[in-house]
A.B. asks: 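Dropping the structure in here first, questions after.
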Amino acid sequence: MSTGLLSSLCASIFPPSFLLILFITAAMVFFLITKQAAPRSPIPSLPRLPVLGSLPWLGGGLPPHLLFSQLARRYGPVFSVYLGRHHTVVVNDHRHARDVLMHRGRDFAGRPSMVTTDLLTRGGKDIAFSDYSPLWKCHRRLVHDSFSLFGEGGGRLQDIVLAAVDGLCVELCSRGGGGFDPSPAVTRAVTNVICTLVFSATYRHGDAELQEVIGYNDGIVETITRGGLVDVYPWMKVFPNRYLRKLKACVDVRDRLLSRKLEEHKASLSDADPRDLLDALLKGQMKSGRGHKSLGSTGEGITDDHILMTAAEAFGAGVETTSTTLLWILAYLLHHPEIQERVQAELDEQVGGERPVGVSDRGRLPYLDCVINEGLRIRPVSPVLIPHVAVSDSSIGGCAVRRGTRVLVNMWSIHHDPRHWDKPDLFSPDRFLDDHGERVIPAYFLPFGAGPRVCVGESLARMELFLFVASLLQRISFKLPAGEPPPNLQGRVGVVLQPLPYQVAVSPRAGWGDRMKCEGTH
Ligand code: PLO
């Protein structure tokens, strides 16, 4: 039958307007069906070679967060690369990041198994690096609940931090107005907070055990990134690798020390309130039923290994991230003395100099909070977060992503996106205040990540940062030593993004100098 004959036949049976409606409806149905069935345009991908993956196209010596930001300008906000044989999607804008972290958070809540972190965590018996599983969820809940014990209501953290700040102020002031690197003193104070929090130890300056803790931690920080090429090419494990050797040695020292603490805690555990994180974890372990069969695929529940790795991780995460953030904030305050003065004016007005700052003052100190947020925005300690893995087939922004794909969220580019942040490279705490002087937290500010994998220590960290910054600026003014250039703000990428060493001079603020001299003589 010819089409001409068909159309004249149709026209004689149906009126033309009916045919038009039928045609439009059919076209719409066709469009909707094909829209759903046809795969969306795939995620743009960098070229790749066998074995090497996209490595030859990732050169230039830029650190990953800057390299990915640069590639995003060419390939768009979401693109993929092959890191070795691992298909890895890199997400550079907040809309897609929210997809990965929150809207489809469960799909992307997995973690890759990596040589270095497996070594660090006894094959994923921790929270940050271990894969998504029912046991992980139960473990994370236990850690979260244990942290809450030291949280806002309890005031325990406040006492611990304030004691450490006292020591830090005395130490900083004893260095006087000459220039010095603040990093060792800050790290020592933050380490002391974590030692008290985790196993109730408080160390004096120069204590051998404290030095041991700082020593192994430095060793892990130094080796974990340098030995990291085996994470991209695991077959390289067969070659001698001095970084991996040193990492193992540091992990051994750490485990010996923490095992000893764990045994001591077990021996002295009582029905009373938990003394510290180890106590809280041990009690939680007993409550959740040790060796609970239904929890893990391997049939085991929260084991002593989990407790040990949690303590080790609380340590590592607590020290590296908090001390680094404090050092970034200090570096920016040296660049912007007017911001330091404004924080101090707020402190003088709202708290005064007669009493220590407390957690309950936080509501009264919005500008100080903004300074901390701006520090976390402009120099996120974890610029590409920890890699995520798709645990099931899913999608990002409508593009299909297969199970097993790794996903990197480039928080750096989100925190420096000029579409959302005016002059993103400028340290400007006011961007976290609205027109009425009220605090605002924009949706594209995610320094702790978000969703099921959000940092479990976030509220603890925020409280600690607040108490440290507030107490330091209440008592001390920081200045550039005469003739010194301001700190280099470029940073150095290791396990976290750290500032390069810089020099600072301190002077006690009115009222604190005499007190400090007395305390310093002890
Ligand atoms: C730091 C050195 C420690 O000895 C071990 C450790 C444990 C947890 C890690 C931490 C290191 C670095 C910062 C990490 C943290 C878990 C979450 C945190 C990666 C390696 C961040 C910034 O995501």
Side-chain angles (χ1 to χ4, degrees), residues 63-65 101 109 111-112 114-122 124-131 136 139-140 143-144 147 187 190-191 194-195 197-198 210-228 231 243-244 246-258 277 306 308-328 375-376 379-388 407-412 415 446-458 460-462 464-465 491-498:
H65 59 282
L101 301 175
R111 293 283 195 225
M114 294 189 287
V115 178
T116 50
T117 53
D118 279 353
L119 195 80
L120 190 69
T121 64
R122 297 198 178 166
K125 301 265 190 329
D126 67 322
I127 298 292
F129 298 109
S130 80
D131 204 1
W136 173 81
H139 184 192
R140 190 189 152 97
V143 175
H144 183 269
F147 276 176
T187 307
V190 174
T191 307
I194 301 286
C195 286
L197 200 71
V198 177
L210 177 64
Q211 285 316 116
E212 193 180 20
V213 171
I214 292 176
Y216 84 64
N217 204 48
D218 283 351
I220 295 176
V221 169
E222 180 203 326
T223 53
I224 199 161
T225 22
R226 301 225 198 144
D231 291 332
Y243 295 120
L244 272 192
K246 182 163 178 200
L247 178 59
K248 269 186 208 141
C250 292
V251 165
D252 282 347
V253 175
R254 176 197 76 179
D255 290 354
R256 262 200 309 276
L257 189 134
L258 288 177
L277 187 72
H306 288 99
L308 213 63
M309 291 304 109
T310 309
E313 193 161 281
F315 229 99
V319 171
E320 277 320 296
T321 52
T322 309
S323 54
T324 301
T325 307
L326 289 173
L327 289 168
W328 274 124
L376 290 165
R379 290 296 179 268
V381 282
S382 187
V384 276
L385 305 184
I386 303 176
H388 288 247
V407 183
L408 297 177
V409 177
N410 188 358
M411 205 46 81
W412 174 277
H415 282 184
L446 298 167
F448 293 89
R453 282 285 183 175
V454 67
C455 169
V456 72
E458 173 170 353
L460 224 57
R462 282 190 177 282
E464 193 180 346
L465 284 172
R492 158 181 73 184
V493 185
V495 64
V496 294
L497 177 66
Q498 276 178 333

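Just follow the structure's listing: the first ligand is 1, and inside any ligand the first atom is 1. No hydrogens, no waters, no symmetry mates; every other heavy atom, side chains included, goes into these values. Small disclaimer: the values here were computed from a predicted structure and weren't measured.
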A.B. asks: Where the closest heavy atom to atom 11 (C) of ligand 1 is concerned, which of G316, A128, S382 has it?
C.D. replies: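 Heavy atom nearest to atom 11 (C) of ligand 1 belongs to G316.
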A.B. asks: How many angstroms lie between CG in L497 and OG1 in T321, if you round to the nearest 0.5 Å?
C.D. replies: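 These two atoms lie 13.0 Å from each other.
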A.B. asks: When the ring planes of F315 and Y216 are compared, do they come out parallel, tilted or perpendicular, using 30° and 60° as the limits?
C.D. replies: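 Tilted, since the angle between the ring planes falls between 30° and 60°.
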A.B. asks: Given T116, N217, L385, V456, identify the one with the heavy atom nearest to atom 3 (C) of ligand 1.
C.D. replies: N217
A.B. asks: With atoms numbered from 1 as shown, which atoms in ligand 1 lie under 4.0 angstrom from a non-hydrogen atom of V221?
C.D. replies: 2 (C)
A.B. asks: Testing the basics here: between D255 and M309, what is the closest heavy-atom pair and its distance to 0.1 Å?
C.D. replies: OD1-CE, 3.9 Å
A.B. asks: Rounded to the nearest 0.5 Å, how far does OG1 of T223 lie from NZ of K248?
C.D. replies: 11.0 Å
A.B. asks: If you round to the nearest 0.5 Å, how far is OG1 of T322 from CG of L465?
C.D. replies: 5.5 Å
A.B. asks: Tell me the contacting part of I386 for ligand 1: side chain, backbone, both, or neither, using a 4.0 Å heavy-atom threshold, strictly below.
C.D. replies: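 Under 4.0 Å from ligand 1, I386 contributes side-chain atoms alone.
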A.B. asks: Heavy atoms only: give me the nearest G449-V454 pair and the separation to one decimal.
C.D. replies: O-CG2, 3.7 Å
A.B. asks: Of all the non-hydrogen atoms in the protein, which one sits nearest to atom 20 (C) of ligand 1, and at what distance?
C.D. replies: V495 CG2, 3.5 Å
A.B. asks: Please list the nearest protein heavy atom to atom 13 (C) of ligand 1 with its residue and the distance rounded to 0.1 Å.
C.D. replies: V496 CG1, 3.8 Å
A.B. asks: Between D126 and ligand 1, find which residue part has any heavy-atom pair under 4.0 Å and reply side chain, backbone, both or neither.
C.D. replies: neither
A.B. asks: Report, in ascending order of atom number, the atoms of ligand 1 lying under 4.0 Å from any heavy atom of E313.
C.D. replies: 8 (C)
A.B. asks: Nearest protein heavy atom to atom 18 (C) of ligand 1, by residue and atom, and its distance?
C.D. replies: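 Going by distance alone, atom 18 (C) of ligand 1 is nearest to T321 CG2, 4.3 Å.
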A.B. asks: Could you pull out the closest heavy-atom pair between V493 and P63, with the gap in Å?
C.D. replies: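 Smallest heavy-atom distance, with atoms named: CG2-CB, 3.4 Å.
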A.B. asks: Who's the nearest protein heavy-atom neighbour of atom 1 (C) of ligand 1, and how far?
C.D. replies: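 Looking at atom 1 (C) of ligand 1, the protein heavy atom closest to it is E320 CG, 3.6 Å.
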A.B. asks: Please list the nearest protein heavy atom to atom 15 (C) of ligand 1 with its residue and the distance rounded to 0.1 Å.
C.D. replies: A317 CB, 3.8 Å
A.B. asks: Sub-3.5 Å donor-acceptor pair from the side chain of D131 to the main-chain atoms of R111, do we have one?
C.D. replies: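 Yes, D131 side chain to R111 backbone: donor-acceptor pair under 3.5 Å.
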A.B. asks: For atom 19 (C) of ligand 1, which protein heavy atom lies nearest, and how many Å away is it?
C.D. replies: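 That would be F129 CZ, 3.9 Å.
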